[in-house]
Every structure is written in C-alpha cells, then in structure tokens.
Amino acid sequence: MSLSVQTSYASLVTQNSLSSANDKLTTAMERLSTGYQVNSSADDAAGLSIATRMQSESDGIDVATDNIDDASSMLSTADGAMDEMTDIVGRMKDLATSAANGTYSDDDVSAMNDEYSELADELASVMVNTSFGGTSLLDTGTLTTDGDDYASTVGGGTGTGTFDPTTGAPVGKLAASDSTTTTTYSGTQATAVTTYANGNAVTTSTADTTAAGTATTKEEGGVTFQVGASASETLTVDISTNLQAVADGIAKAQTTELTADNATSQITAMEDLLSNVTDTRSSLGASMNRLDYASENLTNMQENTDTAIGNIMDADYASETAEMSKQELLEQAGMSVLSGVSQMQSLITNLLG
C-alpha cells in the first residue's frame, strides 16, 4: 500500500469501523437503559406498528376487565336484594301458616297481619329503592286502577293485569326498561295485545268496545355491558327476568289483609312469590357466572397479548450486554488502531528527512 499525505485508506477504514462500533454501542446502551429493543420506528418499523396495535388491545382489555367487575357488582347488588326478599317472603309464608291454624284468636291473627303488612311494604321498598350507581335495578313501571283482564306481550315475555271498567285503562305493572311509550287500550271487557320487537311496538290489536283508555308503560330492556376490547364484544343481561310476576305478587300482598279465612290462599301466594323470586335470582346467578367466565377469558387474552408485545418490544439484557461489551472492545481497538495509523503517517516525514 502506498504512503500518501492526502488520503489514508487505513485511517478511513478505521474511522468507519470506529463510527459503526460507536453507533452500535450507543444502541445497546439505549436498549439497556430503557429496557426496550424498539425505541423508535427506525429500530423496527413493522414491529412497532404491530406492538402499538396490540398494546391498544391490551389497554382495552384492562378497561373491559374493570367493566366486568362493575357489572358483577351490579348484578351482585340485585342478587343481594333478592336474597333479602327471599327471607322476607319466607317470614310472610310463616305468618300465613300460623294464621291458618285454628288455635289462634282473632287478635293473634290481627297481630300477624300487622307484621305481614309491614313486610309486604318492605318488599315493595326493596323493589323500588335497590339501585347501583343511580340505576334502579328492580323497579318496574306502574299502571293504576283495576277491572277486567288484559294481557300485554313485551319483548317476548307476557305481563298480565286488569282494565278499569269505567275508563278502560289497563291496570298492573310491566317490566322496567330504558324508555317509555304510550299505548292506547280499548274495552271494558276486552283483551289488548301489544307486540314489541327490539324495544319498539310493531303491532297493536284491541277489541272494539265502548270504552277506551291510555296508559304509559315501560318497555322491557336489558343492560348491555362492554366485556371486550372490540365494539362487538358486548353482553346484554336482562335483569328484569320474572320481575313483573314478583312485582304483581308484592302488590297483591300489599292490598290483602291476612285473616284466618284467607291464610291458606296466602300460603299458596307466598309460595308462588317465592318461586318467582327464586327464578329471578337464578337468572341473575347465570349471568354472574357468565361474567366470571368472560373475565377469565380476558385474563388469558391479556396474558398472551402482553407476552407477544414483550417479544417485540422488550430488550434481551443478556444479548444487549454482550453486544455492548463487544462494541466497547471494538471501539477501544479502533481508537488504538487509529493511533497506529497516525504513527504510520510520520514515516513520510522520515522519508523527507
């Protein structure tokens, strides 16, 4: 190789190697200090894009898990209220059973009725006042007055009540919902049937009679929970299942005086009410179990998603430490060689001397 003052090939090669070693050393030190092997899009453009998308999904799973916890708390609140109602109805049945026994005096039965009446009012209070985050859980829409029978089909379920013989207005309660609608009913001796689809009245048929009335009813609807990171991952729970029958049984108990004569029928009424309460709790329990499984599935999804993100983004400390040591040695060697190249340049001075 020729000796040249203007161009030193050995120096250029050494400088390039030294610069490369310094860049790689800087990258290794950056990865070790941040814990990530991808610190900018230049490090791994495709990997960063994939990891960003997956991180968004993981964050969504975090929120969905919180949603499930809230949903479980809501359903547990409703279930707890129904548990209290179970105890109350059981006590009312015991009172009716006692009243049916001929050994008690009228005063004794009257005292039983006092407690029976208070318990019926407490059942109604539980129905009306049980709420979660300001959302009523067990309350149902109410219609007033009494009279002849009618039936209304709402969201696939059937609620029954009565017509006022004077105004023709229906009486009773329909299931709770997110919105209200006004329905016109006809007839003092008629049956009105209203069919709903997706929360909207699609057909209404009424008998042609002499009287008519208008009643505001609540449409039946469920509570929709967001249980996943994507828009399609929702779960709708109808917490009003069988609540109408429960509400009707409570309303009847509130207006019925417990006597020795009707005690037997009240035993049956309380058995029916207890059965409806149990059916409602069964529905709530099934929904809570489903939420538990949904939560476990989210946990599994998040675990694997976070692992995949880590595979892309996380620095391998063993590998990066070895790389740092390697580049430090190369950098030191390059600087030593560059010093040697400078000494070679001094040979030209010797030649000139």
Side-chain angles (χ1 to χ4, degrees), residues 72-132 135-142 146 157-162 171-176 220 223 237-292:
S72 295
S73 296
M74 172 182 278
L75 297 184
S76 294
T77 299
D79 183 62
M82 299 303 288
D83 184 39
E84 291 299 320
M85 293 175 68
T86 298
D87 293 340
I88 294 173
V89 174
R91 175 56 182 166
M92 293 175 71
K93 181 177 180 292
D94 290 343
L95 290 170
T97 302
S98 295
N101 190 3
T103 61
Y104 292 105
S105 66
D106 291 342
D107 289 341
D108 293 334
V109 175
S110 178
M112 295 175 190
N113 176 65
D114 290 341
E115 182 180 356
Y116 188 89
S117 178
E118 289 295 325
L119 291 175
D121 289 342
E122 180 57 26
L123 284 175
S125 177
V126 172
M127 290 284 289
V128 172
N129 296 318
T130 300
S131 63
F132 182 85
T135 300
S136 179
L137 300 181
L138 305 179
D139 194 15
T140 58
T142 303
D146 55 16
T158 300
T160 59
T162 57
V171 185
K173 300 179 180 181
L174 296 179
E220 183 175 12
V223 178
V237 177
D238 183 7
I239 62 176
S240 66
T241 301
N242 223 41
L243 277 185
Q244 187 53 60
V246 173
D248 288 343
I250 294 174
K252 186 175 182 180
Q254 284 184 286
T255 58
T256 301
E257 179 182 359
L258 179 63
T259 66
D261 293 335
N262 69 6
T264 300
S265 63
Q266 290 309 105
I267 293 174
T268 301
M270 290 304 101
E271 288 175 344
D272 292 341
L273 180 55
L274 184 61
S275 176
N276 288 323
V277 170
T278 301
D279 287 346
T280 302
R281 292 194 67 191
S282 177
S283 176
L284 290 172
S287 297
M288 287 189 285
N289 287 338
R290 182 174 177 182
L291 287 174
D292 287 341

Quick test of your reading: applying salt bridge (Lys or Arg N to Asp or Glu O under 4.0 Å), list the pairs with at least one residue in [range], sequence neighbours left out, ordered by first then second residue.
range            : value
residues 280-290 : Asp79-Arg281, Asp83-Arg281
residues 251-270 : none
residues 106-117 : Arg91-Glu115

ask   = Would you say Leu119 and Leu95 make side-chain contact, with heavy atoms under 4.5 Å?
value = yes
Side-chain heavy atoms of Met270 within contact of Thr97, under 4.5 Å = no
How far apart are the closest heavy atoms of [X] and [Y], and which atoms are they?
X      : Y      : value
Ala247 : Met127 : CB-CE, 3.9 Å
Leu75  : Ser287 : CD1-CB, 3.7 Å
Ala263 : Leu258 : CA-CD1, 4.0 Å
Val128 : Ser136 : O-OG, 4.0 Å
Ala260 : Val109 : N-CG1, 3.8 Å
Ser98  : Tyr104 : O-CD1, 3.2 Å

request  = Kindly indicate, with the supporting measurements, whether the criterion side chain to side chain contact (heavy atoms under 4.5 Å, CB included) is fulfilled by Met82 and Leu138.
outcome  = CA-CA 9 Å; Met82 299 303 288; Leu138 305 179; 3.9 Å; yes
key: Partner residues of Asp279 under the side chain to side chain contact (heavy atoms under 4.5 Å, CB included) criterion, sequence neighbours left out   = Asn242, Ser275, Asn276
request  = Quick one: list whatever passes side chain to side chain contact (heavy atoms under 4.5 Å, CB included) with Ser265, sequence neighbours left out.
outcome  = Asn262
inquiry  = Quick check against the 3.5 Å criterion: does Ser282 have a side-chain atom that pairs as donor or acceptor with the backbone of Thr278?
reply    = no
Test side chain to side chain contact (heavy atoms under 4.5 Å, CB included) applied to Leu123 and Val277, Leu273, Val246, the passing residue = Leu273
Nearest 0.5 angstrom please: [X] [atom1] to [Y] [atom2], how far?
X      : Y      : atom1 : atom2 : answer
Leu274 : Glu271 : CG    : CD    : 8.5 Å
Met112 : Asp94  : CE    : CG    : 11.0 Å
Ile88  : Glu122 : CD1   : CD    : 5.0 Å
Leu291 : Met288 : CG    : CE    : 9.0 Å

ask   = Who are the side-chain hydrogen bond (donor to acceptor under 3.5 Å, both in side chains) partners of Asp121, not counting sequence neighbours?
value = Gln254
Verdict with reasoning, Lys93 to Ile267, per side chain to side chain contact (heavy atoms under 4.5 Å, CB included) = CA-CA 5 Å; Lys93 181 177 180 292; Ile267 293 174; 4.2 Å; yes
message = Pair Ile250, Met85 - check side chain to side chain contact (heavy atoms under 4.5 Å, CB included), show working.
response = CA-CA 10 Å; Ile250 294 174; Met85 293 175 68; 3.6 Å; yes
